Amino acid sequence: MRFGFIAREAARVAQEEAKEVTRVAALKVVFGVIAAVFLLATMVFVLVGLYILLKSEIGAVLAAFCLAGGCLLIAVLSLLISLRVQKRTNLAAQKQRVEAIASQAANELQTISPYLVLGAFVLGLIKGKK
């Protein structure tokens with residue numbers, strides 16, 4: 001009887017987590033696309049201006065290569081920073097989830113019974129597979 005309750009509760013928690021993850025991901029995508037469009041427009045204007053300025057100083061071909069090298073350098077640096085930030089974000093989120101689960105488990109285990117311990121173990125296995 002209690003195992004059914006534990007399974008329903010685990011399914012409810014999993015659904016809530018999935019909805020939250022989906023909502024956050026959608027917001028990140030929407031605002032990321034908006035930022036990318038405006039950044040692209042800005043970069044086009046800056047690059048055209050720099051090309052016109054450099055063309056008169058060092059020539060058309062060399063100006064194009066200089067701008068391409070600068071853009072490549074910015075892209076590589078941005079990628080490296082993005083990967084480092086993503087790693088830190090994942091670690092912080094995992095730490096918060098573990099602390100929340102630990103505090104919830106401490107509250108639940110005030111009234112220890114074998115069924116509650118088994119339920120917490122099952123819930124931990126379900127959470128751990130995400």
Side-chain angles (χ1 to χ4, degrees):
M1 189 74 168
R2 287 188 182 204
F3 292 117
F5 170 74
I6 292 170
R8 284 191 304 272
E9 186 64 22
R12 184 189 63 77
V13 168
Q15 285 177 345
E16 288 176 4
E17 287 286 326
K19 285 179 185 177
E20 181 65 20
V21 167
T22 303
R23 186 184 70 78
V24 169
L27 284 175
K28 285 182 180 180
V29 167
V30 167
F31 286 110
V33 168
I34 291 171
V37 167
F38 281 99
L39 181 64
L40 180 64
T42 303
M43 289 299 297
V44 166
F45 286 116
V46 168
L47 289 174
V48 168
L50 280 174
Y51 177 76
I52 292 170
L53 179 71
L54 288 174
K55 184 174 81 167
S56 64
E57 296 292 324
I58 60 175
V61 174
L62 195 54
F65 283 133
C66 286
L67 291 176
C71 289
L72 179 64
L73 180 66
I74 291 171
V76 168
L77 288 175
S78 298
L79 179 64
L80 292 175
I81 291 170
S82 172
L83 292 174
R84 190 167 286 193
V85 167
Q86 180 67 30
K87 185 176 180 180
R88 286 184 185 169
T89 304
N90 286 343
L91 290 176
Q94 284 178 346
K95 183 179 178 183
Q96 286 178 347
R97 274 190 246 136
V98 167
E99 289 173 354
I101 292 170
S103 67
Q104 182 182 3
N107 292 336
E108 292 290 330
L109 292 178
Q110 295 286 333
T111 57
I112 295 179
S113 78
Y115 296 116
L116 286 176
V117 172
L118 181 62
F121 178 73
V122 170
L123 187 60
L125 288 176
I126 292 171
K127 285 277 202 177
K129 290 189 177 189
K130 284 187 180 178

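On a predicted model such as this, the values are computed, not experimentally measured, just so you know.
Note: the hydrophobic cluster containing L67 also contains V46 (ILVMFWY, side chain heavy atoms under 4.5 Å, direct or indirect links). When hydrophobic clusters are built by joining Ile, Leu, Val, Met, Phe, Trp and Tyr residues whose side-chain heavy atoms come closer than 4.5 Å, directly or via intermediates, L50 is not grouped with F65. Neither V48 nor L54 shares a network with the other; the hydrophobic side chains, linked directly or stepwise wherever heavy atoms of I, L, V, M, F, W or Y lie under 4.5 Å apart, form separate groups for each.
Here V76 is tied into one hydrophobic group with L72, L80, each link being a pair of ILVMFWY side chains closer than 4.5 Å.
Atom OG1 of T42 sits about 10.5 Å away from atom CG of L47, to the nearest 0.5 Å. Note that CG of L77 and OG of S82 are 12.5 Å apart. Values are rounded to the nearest 0.5 Å.
Shortest non-hydrogen contact noted between I58 and L62 is O-CB, 3.8 Å. Residues A63 and K55 come closest through the heavy atom pair CB-N, 4.0 Å. Between Y51 and A64, the shortest heavy-atom contact is CE1-N, 4.1 Å.
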